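Numbered from 1 within each chain, the chains take letters A, B, ... in sequence-line order. Values in this document were obtained by computation on a predicted structure and should not be read as measured data.
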Amino acid sequence: MNDKYDFKAIEAKWQHLWQREKPYRTCEDPDKKKYYVLEMFPYPSGRIHMGHVRNYSIGDVIARYKRMRGFNVIHPMGWDAFGLPAENAAMKRGVHPAAWTYENINYMRDQLKAMGLSYDWDREIATCNPGYYRWEQLIFLQMLEKGLVYRKETTVNWCDDCKTVLAREQVIDGACWRCDQAVEPRTMHGWFFKITDYAEELLQGLDNLTGWPERVVTMQRNWIGKSQGMACDFPIDDSQENITIFTTRPDTIFGVTFMSLAVEHPLVDVLIRGRKQEDEVREFIQQTLIEKQRAAVDEEPEKHGVFTGAYCINPFTGDRVPVYVANFVLMEYGTGAVMAVPAHDQRDFEFARKYNLTVKPVVQPENMLLEGDSMDAASESPGILIDSGPFTGMDSKQAKQAIIDYAEDKGFGRSHTTYRLRDWGISRQRYWGAPIPIIYCDTCGIQPVPEDQLPVLLPGADDPKGQHAPLHQQEDFYVTTCPGCGGAARRETDTMDTFVESSWYFARYTSPRNEQTPIEKKAASYWLPVDQYIGGVEHAILHLLYSRFFTRVLRDLDYLDIDEPFTNLLTQGMVIKDGAKMSKSKGNVVDPSELIDKYGADTTRLFSLFAAPPERDLEWNAQGVEGSSRFLNRVYRLIQKHIACFSSDLNADFSTLDTKSSKLYRKTHQTIGRVTESIESNFHFNTAISAVMELVNQISIASTDTSKTSPEPCILKFSLETCLRLLFPMVPHFCEEMWETTGQTTVLDGTPWPDFDPEAAREREITVVVQVNGKVRSRIQVAADIDSRQMEKLALEDERISHFLEGKKPKKIIVVKGKLVNIVV
RNA sequence: GCCCGGAUGGCGGAACUGGUAGACGCAAGGGACUUAAAAUCCCUCGGCACUUGCGGCUGUGCGAGUUCGAUUCUCGCUCCGGGCACCA
């Protein structure tokens, strides 16, 4: 008898079987309840890392568990295959991005298979495959038709390292999310998805995402950034023009003492033309624009501005207020013009103090008297209105509505909502992405590529020696003819942001090979939404928001009939070592392949599940892996030792068991309960594994005892089999092998999850804690169904307790049935 | 600055709706087996001290409070992590 199991042979054996028999292939079955488990698909960077191992182990346990629970489980895998690293590798190593990508995919697929993950490989997707991105191009055209795509010239975030534009979500602290290079503003044309059309729906939808972590919901809510308030027109003195402002504090409108415009505001030019301030203002605008370029990463620069010489009229008071241009006003938010109320806005206050402008308090907070001249900070809290014409005396909340109503009535203002969310710029000036299917013609203008001409293929991708320069450098690609007039025309050379591919891949998985349509509605309505989505929290905004947006777009294009793509979201923590995220530069990387080679996939999976609950960071510990390996070997030996018991009959009479057997039988049911509960409530596999370890320990102790009263064979058999079934989702190869060893003729894979019998798990005898003044003084063994009166009696009779009481009379006795007695003296 | 999390032995982490703090694992120490080592098995393992016994005191970041009883609830801090950051 070997004392260690041969994981290499065993894992190869079962993986071959899974490869050959494809037990994880799924198809729609209306008679079965479906369950869609999905882990965020990887970028094929070369090899898998520990983060993947963790992510996919978690997903695989859920998939296997749900199968045992009788669900029709779809568990697909694919590749987020477009992206910059492929182009960088191409430049550095002289390989074609396509070749590099497919090579990586092949390697990583083998790695995933070596982990024993139960994917339906027949549904595999690579987004760089024309069979995928052709549908994305079609969706783009259909969105264009619906008015959800447009082209405009704007200031964009340019990353000079990646030589491409970034969406606002992809700029982290003023730097590129991918390479950390500081972004710089650039003016150029680009294509945009109108995600703002869905801002309100995306926001409302968050309330229904009860299966998402609260903080992800909060992050999205903040990102969408809804503000309700009023838009109000301030007529410019001696002009027909109005300056329209947006404010969330209409209640402070009587406190306006000046007006601030963004430097880019279109009216600035009109205001200053011909005035003596003109040169000074133009100089200021120039300066500020330069500053803005540089300041991308810096903190808040000092507030400054310059008077334009113009005045406008506060429509509520008739006051003439000076108009300034200020560096802190953003053209991208609201209307690019701000009514300045220095008494109640800190930024306006700082500005006013700097330029000696009037501070006029109009909202009086409780127990405070504000004086414009002596205030040293703005008072931003609500209060009672003063000095505010007909609105004086109202509280802020009341006044807000009254003021909006008044403005609406008079026609110079209206209630208005703005969002922080911007439209999603998807143009990327790269090669390795999905081409945007558009043609520019000098006579016909912008022409969509006709649907029957899709896909617009990425040139050179099927030839290892093919071209892979950015498309605007590939003449063969962009020279074309106009689909409208047949004349010479030029193709769009931008490719789509790679986040577009990941925004709908979960839907394509439901009909991955369909040649007629991007998403087969029947399949999609059966499988979607994703019941459990698992991935890193770093995608809390980017990918998850885009996917929610796309789901709604696809719904409105009649491909889907759901609103939200992911019912439940699990954001797993990072894998860290020596207190830091694993990275090449820190030299603390653990290679999963080495681990699998040394300990096997089962041990690797077991440890990554056992060391921490999924949502928390996992500290990698080499010795902990040894522990997991030891545990499996212990189970292996235990089964070898009791191999004879498996031929016994399971149908024993449980009511006549001896103590040892009934104890083990009870413990087994308790374990079923605990493991099931751990998985069902929050996927805390760490506690599930602990529970099985306890059971294994108990089996081991009960059966090694020198006294001849070992548990009855049928109970041993039941306990050991239960261990295997409970462990199967986590360590599938091992459990299948053991299952076979014990003489089973069918695989464990299809067998149902063990039934939990609460009656069998119920303890007959319990320990009651006896406290005196809240301190534990004694423990007594009693029957489980003891009543409170009896408990109190036994507690008071207890020798140790009477010693503690020393004849003192109990003031009060608290009895918690089946738990404890607390005697207060 | 604002908004979320989190803090429990040497370490990773347990503890149901307030009711035995430290499950399970790792590390450490001791022992058994062995010629020896590995592997395996057994015991100890929060801290303190005048431990004669199966005992006492203390202990879940800090300080208060509610309660017969608080890791759990309330208030106020400290530290750590994350997100947003001139958003009018």
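- Between the base of B/rC68 and the side chain of A/Lys812 there is no donor-acceptor pair shorter than 3.5 Å.
- In this structure B/rG18 sits in the anti conformation; its chi angle is more than 90° from 0.
- For RNA chain B, the stems formed by at least three consecutive Watson-Crick or G-U pairs, with both atom-pair distances below 3.5 Å, span B:1-7 with B:78-84, B:10-12 with B:24-26, B:28-32 with B:40-44, B:46-48 with B:56-58, B:61-65 with B:73-77.
- Here A/Val329 lies in heavy-atom contact (under 4.0 Å) with a base.
- Applying the ring pair (Phe, Tyr, Trp, His ring centres under 6.0 Å) criterion to A/Tyr546, with sequence neighbours excluded, gives A/Trp424, A/Phe499.
- A/Gln670 and A/Glu694 share no donor-acceptor pair across their side chains, judged by distance under 3.5 Å alone.
- With distances taken from any side-chain atom of A/Leu330 to the nucleotides B/rG12, B/rC87, B/rG13, the minimum falls on B/rC87.
- Rounded to a whole Å, the CD atom of A/Glu264 is 14 Å from the P atom of B/rC86.
- The residues A/Lys354 and A/Glu350 are annotated as not salt-bridged, no charged nitrogen and carboxylate oxygen being separated by less than 4.0 angstrom.
- For the pair A/Gly627 and A/Val338, nearest-nucleotide mapping onto RNA chain B gives the more 5' position to A/Gly627.
- A donor atom on one side chain and an acceptor atom on the other are found under 3.5 Å apart for A/Ser396 and A/Asp251.
- Scanning for side-chain hydrogen bond (donor to acceptor under 3.5 Å, both in side chains) contacts around A/Thr247 gives an empty result, with sequence neighbours left out.
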Can I get a per-line list of side-chain donor-acceptor pairs under 3.5 Å for residues 607-617 of chain A, giving both atom names and the distance, sequence neighbours left out?
| unit_1 | atom_1 | unit_2 | atom_2 | d |
| --- | --- | --- | --- | --- |
| A/Ser608 | OG | A/Arg605 | O | 3.0 |
| A/Glu615 | OE1 | A/His684 | NE2 | 3.4 |
| A/Glu615 | OE2 | A/His684 | NE2 | 3.0 |
| A/Asp617 | OD1 | A/Met574 | N | 2.8 |

Identify each atom pair where a protein N or O and an N or O of nucleotides 18-20 of chain B are less than 3.5 Å apart, giving names and distance.
| unit_1 | atom_1 | unit_2 | atom_2 | d |
| --- | --- | --- | --- | --- |
| B/rG19 | N2 | A/Gln771 | OE1 | 3.4 |
| B/rU20 | O2 | A/Arg779 | NE | 2.9 |
| B/rU20 | O2 | A/Arg779 | NH2 | 3.1 |

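- Of the listed nucleotides (B/rC26, B/rA88, B/rC68), B/rC26 has the atom at the smallest distance from the side chain of A/Gln623.
- Within the 4.5 Å cutoff, the side chain of A/Leu166 has heavy atoms near those of the A/Cys176 side chain.
- We find that CG of A/Asn686 is positioned 15 Å from C1' of B/rC11, with the value rounded to whole Å.
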**Residues A/Glu626, A/Arg630; criterion salt bridge (charged side-chain N to carboxylate O under 4.0 Å, His left out); working and verdict** = CA-CA 6 Å; A/Glu626 298 270 2; A/Arg630 262 201 296 267; 5.3 Å; no
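- Across the protein-nucleic acid pair, A/Glu626 atom CD and B/rC11 atom C1' stand 16 Å apart, rounded to whole Å.
- Rounded to a whole angstrom, the distance from the C1' atom of B/rC68 to that of B/rC11 is 37 Å.
- For A/Lys4, counting side-chain heavy atoms from C-beta on, the closest listed nucleotide (B/rA88, B/rC24, B/rA39) is B/rA39.
- The phosphate of B/rG25 (OP1 or OP2) has no side-chain N or O of A/Ser628 nearer than 4.0 angstrom.
- Rounded to whole Å, the P atom of B/rG25 lies 11 Å from the corresponding atom of B/rC41.
- Counting any heavy atom pair closer than 4.0 Å across all strands shown, A/Asn697 reaches sugar-phosphate atoms only and no base atom.
- Ring geometry for A/Tyr355 versus A/Phe351: interplanar angle of 30 to 60°, hence tilted.
- The existence of a salt bridge linking A/Arg762 and A/Glu759 is confirmed by a sub-4.0 Å separation between a basic side-chain nitrogen and an acidic carboxylate oxygen.
- Atom-to-atom, CD1 of A/Ile823 to P of B/rC68 comes out at 16 Å; the value is rounded to the nearest Å.
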Validation: residues 817-825 of chain A side-chain donor-acceptor distances under 3.5 Å, sequence neighbours left out:
| unit_1 | atom_1 | unit_2 | atom_2 | d |
| --- | --- | --- | --- | --- |
| A/Asn822 | OD1 | A/Gly774 | N | 3.0 |

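- Between A/Arg422 and B/rC87 there is no side-chain N or O to OP1 or OP2 distance below 4.0 Å.
- Inspection of the A/Thr244 and A/Thr335 side chains reveals no N or O donor paired with an N or O acceptor under 3.5 Å.
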**Full working for side-chain contact (heavy atoms from CB on, under 4.5 Å) between A/Val770 and A/Arg777** = CA-CA 6 Å; A/Val770 186; A/Arg777 295 305 181 187; 5.8 Å; no
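- For A/Lys775 and B/rA21, the NZ to P distance is 12 Å, given to the nearest whole Å.
- Between A/Arg347 and the phosphate of B/rC87, there is a side-chain N or O to OP1/OP2 separation shorter than 4.0 Å.
- Taking only side-chain nitrogens and oxygens, A/Arg674 never comes nearer than 4.0 Å to OP1 or OP2 of B/rA14.
- Using a 4.0 Å heavy-atom distance criterion, A/Arg221 is classed as making no nucleic acid contact.
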**Request:** Before giving the answer on ring pair (Phe, Tyr, Trp, His ring centres under 6.0 Å), spell out for A/Phe316 and A/Phe412 the whole-Å C-alpha distance, their side-chain angles and the decisive distance to 0.1 Å.
**Result:** CA-CA 10 Å; A/Phe316 279 84; A/Phe412 54 71; 5.2 Å; yes
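- For the side-chain hydrogen bond (donor to acceptor under 3.5 Å, both in side chains) test, residues two or more places apart in sequence or in another chain that qualify with A/Ser778 are A/Asp798.
- One interatomic measurement links the two molecules: CZ of A/Arg630 to P of B/rA38, which rounds to 13 Å at whole-angstrom precision.
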Do any N or O atoms of the protein come closer than 3.5 Å to N or O atoms of nucleotides 3-10 of chain B, and which pairs are they?
none

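- Partners of A/Lys360 by side-chain hydrogen bond (donor to acceptor under 3.5 Å, both in side chains), not counting sequence neighbours: none found.
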Name each donor-acceptor pair under 3.5 Å that joins a side chain in residues 254-267 of chain A to protein atoms two or more places apart or in another chain, with its distance.
| unit_1 | atom_1 | unit_2 | atom_2 | d |
| --- | --- | --- | --- | --- |
| A/Thr257 | OG1 | A/Thr358 | O | 2.9 |
| A/Glu264 | OE2 | A/Lys292 | NZ | 3.1 |
| A/His265 | ND1 | A/Leu267 | N | 3.1 |

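- Comparing B/rC86, B/rA85, B/rC41 by their nearest atom to the side chain of A/Arg634 picks out B/rC41.
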Write down the protein N/O and nucleotide N/O pairs, taken from nucleotides 44-46 of chain B, whose separation is under 3.5 Å; answer none if there are no such pairs.
none

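- Atom CG of A/Asn327 and atom P of B/rC87 are 13 Å apart (whole Å).
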With the criterion being N/O to N/O and under 3.5 Å, what pairs connect the protein with nucleotides 32-35 of chain B, and how long is each?
none

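- A side-chain N or O of A/Tyr333 and one of A/Ser227 form a donor-acceptor pair less than 3.5 Å apart.
- The side chain of A/Thr248 lies closest to B/rA88 when the candidates are B/rA88, B/rG83, B/rG13.
- Between the CG atom of A/Leu330 and the CZ atom of A/Phe328 there is a distance of 9.5 Å, given to the nearest 0.5 Å.
- As a whole-Å value, the separation of A/Phe610 CZ from B/rC24 P is 10 Å.
- Distance from the side chain of A/Arg637 is smallest for B/rU40 among the nucleotides B/rA88, B/rA85, B/rU40.
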